[in-house]
Amino acid sequence: MARTSIVIDTDPGQDDAVAILLALAERGHLDLLGITTVAGNVPVELTTANALRLVELAGRADLPVFRGASRPLLRKLKTAEFICGPDGLQGAGLPPPRGAPRDAHAVAFLLDTLRNAAGKPVTLCPLGPLTNIALALAQEPALAARIERIVLMGGARDLGNVTPAAEFNFFVDPHAAQIVLQSGVPIVMFGLNATHQAMATPERVGRIAAHGTAVARAVTGMLERPRPGGKAKFGVEGHPLHDPCVIAYLLWPELFTGRDCHVAVETAGEASIGRSLIDWWGSQRQPANAHVIDRIDDAEMFRRLAQSLAKLG
Ligand code: RIB
Ligand code: CA
């Protein structure tokens, strides 16, 4: 089977880290052309350093990392150190990176990659705020035709996680999210209602820890740390693995079900800004612009995730 060419756009973040490691573990199926970083969980200097730490952990210091947007298109940056720790990878226990990002900006890399993608479209995998993707689409709209699909983590059909209305990635940059959703590019969207099914419970983390590799130790360290609020607040142990769902979908689409819906993003409301308005019942009679995932076979996903991560040293 031909490999899928992908670019991961990311704000590592522990869940981003597991997604990146999964993609690197499955290089027989996924041709990761590069990683572009964006401000989100932590400022872009740190998300970039974290992306470098992760490719070095996986023995792929050759993989190009490109620093991207340091702030959303219009809003002030909101970060999430209270969740992922001051450097964004609390628990990983990784040394500072040895390498450096490439000179080109992330958006320039995205555009160059799409220009060179004639005949072999590229799948974009945004795992953070969509600022870089929106900037690339705004700069050269015609290159949208070279994007095979955008498989993204963002939004929520039900409650948000930053406000009752909004999920973090869409909350940080709602204008970018709206630009991407209106781009006409085929989109697969993993909102919180789907990704909250992907719980890294102690039993599931234990299966990864058992490999005893450097990657297993880093992943275990990240996922074993207490989740703010934890079981008392959420009723279940463990961290939701939002971003790995995106990569798992590319590898094992049979584990996921969803529905084609029209999705818009609130960009003006005070209390509701960043809300993803998913027309699940088609009541607005507007053309669908995203395939919204709502069910995950999480047990099988974690079984395969553990097997894949074991491929990395
Ligand atoms: O709301 C969860 C999303 O926001 C995840 O991608 C997490 O890494 C943060 O970016
Ligand atoms: Ca993320």
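Order of listing sets the numbers, starting from 1, for every ligand and every atom in it. Residues take their numbers from the sequence shown, with the count starting at 1. This one's a predicted model, so the numbers in the text were calculated from it and none came from an experiment.
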Chemist: Side chains of Arg285 and His262: does their closest heavy-atom pair fall under 4.5 Å?
Modeler: no
Chemist: Mind checking what makes salt bridge (Lys or Arg N to Asp or Glu O under 4.0 Å) contact with Arg67, not counting sequence neighbours?
Modeler: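 Here the qualifying residues are Glu45.
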Chemist: For residues 145-155, dump all side-chain donor-acceptor pairs below 3.5 Å to protein atoms at least two apart in sequence or in another chain.
Modeler:
unit_1, atom_1, unit_2, atom_2, d
Arg146, NH1, Leu114, O, 3.1
Arg146, NH1, Arg115, O, 2.8

Chemist: Between Glu254 and Arg295, is there a salt bridge with N-O shorter than 4.0 Å?
Modeler: no
Chemist: Would you mind reporting whether Arg227 and Ile83 have side-chain heavy atoms less than 4.5 Å apart?
Modeler: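 In short, these two side chains do not touch, never coming nearer than 4.5 Å.
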Chemist: Enumerate the protein N/O/S atoms at a distance below 3.0 Å from the Ca ion (ligand 2), ignoring waters.
Modeler: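 Within the sphere that stays under 3.0 Å of the Ca ion (ligand 2), the protein atoms of type N, O or S are Asp11 OD1, Asp16 OD1, Asp16 OD2, Leu127 O, Asp243 OD2.
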Chemist: Does Glu300 come within less than 4.0 Å of Arg303, counting only side-chain N to carboxylate O?
Modeler: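 Looking at Glu300 and Arg303, the cut-off is met.
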Chemist: Please tell me if the side chains of Leu63 and Ile35 come closer than 4.5 Å, counting only heavy atoms from C-beta onward.
Modeler: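 The answer is yes; the side chains approach within 4.5 Å.
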Chemist: Could you pull out every N or O of ligand 1 that sits under 3.5 Å from a protein N or O, with the distance for each pair?
Modeler:
unit_1, atom_1, unit_2, atom_2, d
ligand 1, 1 (O), Asn161, ND2, 2.8
ligand 1, 1 (O), Glu167, OE2, 2.6
ligand 1, 4 (O), Asn169, OD1, 3.2
ligand 1, 6 (O), Leu127, O, 2.8
ligand 1, 6 (O), Asn169, ND2, 3.1
ligand 1, 6 (O), Asp243, OD1, 2.7
ligand 1, 6 (O), Asp243, OD2, 3.0
ligand 1, 8 (O), Asp15, OD1, 2.6
ligand 1, 8 (O), Asp15, OD2, 3.2
ligand 1, 8 (O), Asp16, OD1, 2.8
ligand 1, 8 (O), Asn41, ND2, 3.0
ligand 1, 8 (O), Asp243, OD2, 3.1
ligand 1, 10 (O), Asp11, OD1, 3.2
ligand 1, 10 (O), Asp11, OD2, 2.9
ligand 1, 10 (O), Asn41, ND2, 3.4
ligand 1, 10 (O), Asn169, OD1, 2.8

Chemist: Strictly below 4.0 Å, N to O, side chains only: are Lys78 and Asp173 in salt-bridge contact?
Modeler: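 Salt bridge between Lys78 and Asp173, a charged N being under 4.0 Å from a carboxylate O: no.
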Chemist: Counting only heavy atoms not in Asp62 (residues, nucleotides, ligands), do more than 12 fall under 6.0 Å from its CG?
Modeler: yes
